[in-house]
Amino acid sequence: MTRVVITGMGAVAPNGNGIQEFISNSFAGKVGIKTIKKFDANSTGITVAGEIDNFDPNDVIGRKAARRMDLYSQYALQSAIEAMEMAEINETNTKPVDMGVIYGSGIGGLTTIQEQIIKMHDKGPKRVSPMFVPMSIANMAAGNISIHFNAQNICTSIVTACATGTNAIGEAFRQVKEGRAKVMIAGGSEASVNEIGIAGFAALTALSQATDPLKASLPFDKARQGFVLGEGGATLVLEDLEHAQKRGANILGEIVGYGATSDAYHITSPDPTGAGAARAMELAIKEAGINPSEISYINAHGTATHANDEGESKAINQVFGSDSNVRVSSTKGMTGHLLGAAGAIEAVLTVAALQKGQLPLNIGCFNQDPNCSVNLVTAENSDASNARYAISNSFGFGGHNAVLAFKKWE
C-alpha cells in the first residue's frame with residue numbers, strides 16, 4: 001500500500017480568509033463569529049454566525065467563472081486554487097489522468113436555491129435562471145475544481161451532512177493509498193448563512209441564541225445551548241509519497257488512517273452511548289497501525305450542543321480511557337460550525353498543530369461540563385512539540401461518523 005502525504009492546503013474560514021491567516025488566527029485563539037450582516041436575522045431569533053470577511057471571488061476565480069457558481073462553489077474553488085499553488089502541482093509533473101477530486105458539501109447551493117425560488121414565486125417560472133440547476137447541485141464544487149485543474153481521474157462528491165469534509169478526505173486518501181490515483185484534491189465547502197439556512201436550523205432548535213459573539217459557541221461548556229452556523233471551505237492536496245518525493249514537494253503531513261461508521265440510531269441525534277463514534281476512532285487508529293496511547297491530540301467535532309459534546313466525550317473515554325492524557329479541543333468556538341466544510345477546515349488545523357508543535361485552544365469553554373470529562377486544551381497544556389499522531393472527528397445528521405488519523409511529517 002502507498003503512503004499518502006499532504007502537500008497543499010487552502011482555507012476560507014470565518015476567522016481567516018486564506019490559509020496563513022486562518023492558521024495564524026486559530027492558534028492565536030481569534031474568534032470569527034460575529035453579528036449577522038448578510039440579512040436581517042432578528043425574526044429568526046438568531047443574531048450571530050461565522051460569516052466570511054473580505055471575500056471577493058473575482059480576485060481569485062475571476063468575474064466570468066464566479067457568475068456561474070453558487071457561493072459554496074466559490075469558496076471551494078478559491079481554497080483549492082490556494083492548496084494547489086502551495087503543492088505546486090501542474091501538468092508538467094502530474095498527468096491529468098492521475099489526478100482526481102473528491103469534494104463535498106452538506107447542502108450545496110442553498111443561496112442560489114433561495115434566490116431562485118423567491119424569483120419564481122414573485123415573477124413566475126419563466127424567470128428562473130438557466131444556471132439554477134448547475135449552480136445549486138451539491139456535486140458542482142467537485143465539478144468546478146476538476147474542470148479548473150483538468151483533473152481527469154475520479155471526480156465525485158460525498159454528502160454526509162457535518163461529516164462530509166472528513167469523509168471526502170478519507171475516501172480520497174483511500175484512492176491514493178490503494179494506487180488508483182497519484183494526486184487527489186479533497187475537502188468540503190458550505191454557504192448556508194442565509195435566511196433559509198438560519199431559519200431551518202433555528203426551527204430545529206439546534207442554534208445558539210446568544211447575542212454575544214464571544215459567548216455564543218461554547219464547546220464542552222456547562223452553559224452551551226447550541227451551535228453557531230458558519231460558512232467557508234477548505235482543501236487538502238493528497239499525494240502518493242513516491243510521486244511527491246520524486247518532484248521535490250514540500251510535505252506538510254501524512255494521513256495514516258480513516259474510520260467511518262454509522263450510529264443507525266436517529267436522523268438528528270447522535271447515539272448517546274457514543275458507540276458508533278468510538279468505533280470510527282478505533283478504525284482510524286487501527287489503520288494507522290498504532291495504539292490509542294500514541295495519539296496526542298483530538299480535534300473534536302465539539303458542536304456545543306448538549307447531545308454531541310456529551311456523546312463525543314463518552315466515545316473518547318471509551319477509546320482512550322477516562323484517565324487518558326490525550327488532549328482535546330473543538331475549534332468551533334472560533335469558527336462556528338461549517339457543516340459540510342467543518343471536517344476540512346479542522347483537518348487543516350490538525351495538520352498544522354502537528355507541524356507547529358502547538359495545539360489550538362478549546363475557545364469558548366468557561367465552565368467545563370462535568371458530563372464532558374475530557375482533557376481540554378488550554379494555554380497551560382497546548383505545547384505539542386513531542387506529538388506525532390493526532391485524529392480529527394466529524395459526526396453528521398443521519399448518524400454518519402468519520403475520523404481521520406494524521407502523522408507528523410518527519
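Taking the side chain as every heavy atom from C-beta outward, Ser313 and Phe220 approach each other to under 4.5 Å. The side-chain heavy atoms of Phe366 and Leu218, taken from C-beta on, include a pair separated by under 4.5 Å. By the 4.5 Å heavy-atom criterion applied to side chains, Trp409 and Val5 are counted as neighbours. At a threshold of 4.5 Å between non-hydrogen side-chain atoms, the residues Lys286 and Met281 do not count as touching. Counting only heavy atoms from C-beta outward, the side chains of Ile6 and Ile251 never approach each other to under 4.5 Å. In this structure, Asn194 and Leu110 have side chains that are in contact, with non-hydrogen atoms separated by less than 4.5 Å. Leu252 places a side-chain heavy atom less than 4.5 Å from the side chain of Met86. Side-chain contact check for Ser73 versus Met135: every heavy-atom pair is 4.5 Å or farther apart.
Shown here for Gly50 and Pro14, the closest heavy-atom pair between the two residues is O-CG, 3.2 Å. Residues Thr166 and Tyr258 approach most closely at O-CE1, 4.1 Å, considering heavy atoms. When every heavy atom of Leu404 is checked against every heavy atom of Ile169, the shortest pair comes out as CD1-CG2, 3.6 Å. Here the shortest heavy-atom pairing between Met334 and Leu361 reads CE-O, 4.1 Å. Minimum interatomic distance between Pro213 and Val31 (heavy atoms only, all atoms of both residues): O-CG1, 3.9 Å. Nearest approach of Met69 to Leu77, heavy atoms of both residues: CE-CD2, 3.4 Å.
For Lys332 and Glu346, the salt-bridge test passes: some basic side-chain N is under 4.0 Å from an acidic carboxylate O. With respect to the salt-bridge test (charged N to carboxylate O, under 4.0 angstrom), the residues Asp53 and Lys34 qualify. At a threshold of 4.0 Å, the pair Glu21-Lys30 does not count as salt-bridged, since none of the basic side-chain nitrogens sits closer than that to a carboxylate oxygen. The existence of a salt bridge linking Lys177 and Glu287 is confirmed by a sub-4.0 Å separation between a basic side-chain nitrogen and an acidic carboxylate oxygen.
Using cut-offs of 30° and 60° for the angle between ring planes, the Phe201 and Phe397 rings count as tilted.
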Exercise for review: Show the numbers, then the answer: is there a side chain to side chain donor-acceptor pair (under 3.5 Å) between Thr7 and Glu239?
Suggested key: CA-CA 7 Å; Thr7 54; Glu239 192 168 351; 2.9 Å; yes
Check your understanding: Which is it for Asp221 and Asp369 under the side-chain contact (heavy atoms from CB on, under 4.5 Å) test, yes or no, and what are the steps along the way?
Key -> CA-CA 5 Å; Asp221 191 275; Asp369 187 341; over 6 Å; no
Check your understanding: After noting the C-alpha distance and the side-chain angles of Met84 and Phe149, does the key distance pass the side-chain contact (heavy atoms from CB on, under 4.5 Å) rule?
Key -> CA-CA 9 Å; Met84 287 289 279; Phe149 294 108; 3.6 Å; yes
Review point. Passes side-chain contact (heavy atoms from CB on, under 4.5 Å), Val237 versus Met9? Steps please.
Key: CA-CA 6 Å; Val237 176; Met9 301 195 295; over 6 Å; no
**Study point:** Verdict with reasoning, Tyr297 to Ser329, per side chain to side chain donor-acceptor pair (under 3.5 Å)
**Key:** CA-CA 8 Å; Tyr297 171 61; Ser329 68; 2.6 Å; yes
**Study point:** Derivation and outcome, side-chain contact (heavy atoms from CB on, under 4.5 Å), residues Ile158 and Ile102
**Key:** CA-CA 7 Å; Ile158 304 269; Ile102 300 183; 3.7 Å; yes
Practice item. Starting from the C-alpha separation in whole Å, work towards a yes-or-no answer on salt bridge (Lys or Arg N to Asp or Glu O under 4.0 Å) for Glu254 and Arg388. Key: CA-CA 10 Å; Glu254 183 174 2; Arg388 296 183 68 218; over 6 Å; no
Point to revise | Full working for side chain to side chain donor-acceptor pair (under 3.5 Å) between Asn153 and Asp98 | key: CA-CA 6 Å; Asn153 200 288; Asp98 288 337; 5.2 Å; no
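With no hydrogens or angles considered, a side-chain donor-acceptor pair links Thr378 and Glu380 at under 3.5 Å. For the residue pair Gln358/Ser382, the side-chain donor-acceptor check at 3.5 Å is not satisfied. Asn167 and Thr160 are linked by a side-chain donor-acceptor pair at a separation below 3.5 angstrom, with hydrogens and angles left out of the test. Between the side chains of Gln209 and Gln225, no donor-acceptor pair of N or O atoms lies under 3.5 Å. Side-chain contact annotation: Thr112 with Asp70, donor-acceptor N/O pair under 3.5 Å present. Side-chain atoms of Gln78 and Asn17 form a donor-acceptor pair, as typed in the model, at a separation below 3.5 Å. Counting only N and O atoms by type, the side chains of Asn15 and Ser26 include a donor and acceptor under 3.5 Å apart. Ser79 and Thr235 share a side-chain donor-acceptor pair at under 3.5 Å. A donor and an acceptor atom, one from each side chain of Asn291 and Ser293, are nowhere located under 3.5 Å apart. Using modelled atom types, one finds no donor on one side chain facing an acceptor on the other under 3.5 Å when comparing Tyr103 with Ser146. With no hydrogens or angles considered, a side-chain donor-acceptor pair links Asn150 and Gln152 at under 3.5 Å.
Side-chain atoms of Ser208 come within 3.5 Å of backbone N or O of Ala216 as a donor-acceptor pair. A donor-acceptor pair under 3.5 Å is absent between the side-chain atoms of Arg279 and the main chain of Thr261, judged by distance alone. A donor-acceptor contact shorter than 3.5 Å links the side chain of Asp309 to the backbone of Thr303. With Glu231 contributing its side chain and Ile52 its backbone, the two residues share a donor-acceptor pair below 3.5 Å. For the pair Glu51 (side chain) and Lys37 (backbone), a donor-acceptor distance under 3.5 Å is present. At distances below 3.5 Å, not a single donor-acceptor pair connects side-chain atoms of Glu171 with backbone N or O atoms of Gln175. No donor-acceptor distance shorter than 3.5 angstrom exists from the side chain of Thr164 to the backbone of Gly340, with no hydrogens or angles considered. Asn401 places no side-chain N or O within 3.5 Å of a backbone atom of Ala280 that could act as its donor or acceptor partner. Using modelled atom types, one side-chain atom of Ser105 and one backbone atom of Ser189 make a donor-acceptor pair closer than 3.5 Å. Of the possible polar contacts, none joining the Glu85 side chain to the Glu82 backbone as a donor-acceptor pair under 3.5 Å is found.
Heavy atoms of other residues, nucleotides or ligands lying less than 6.0 angstrom from CZ of Arg67 number 12 at most. Remark: Glu88 CD is loosely packed, at most 12 non-hydrogen atoms of other residues, nucleotides or ligands lying under 6.0 Å away. For Asp122, the CG atom counts as densely surrounded, since its 6.0 Å shell holds more than 12 non-hydrogen atoms of other residues, nucleotides or ligands.
Here CD1 of Ile345 is found 10.0 Å from NE2 of His337. Values are rounded to the nearest 0.5 Å. Note: Glu115 CD to Lys119 NZ = 8.0 Å, rounded to the nearest 0.5 Å. In this structure, Cys372 SG and Lys222 NZ are separated by 11.5 Å, a value rounded to the nearest 0.5 Å. Taking CD1 of Ile33 as the reference point, atom CD1 of Ile363 lies at 10.5 Å (rounded to 0.5 Å). In this structure, CE in Met120 is found 8.0 Å from CZ in Phe132, a value given to the nearest 0.5 Å.
Remark: Lys408 fails to qualify as a cation-pi partner of Tyr389 under the 6.0 Å distance and 45° angle criteria applied to the six-membered ring.
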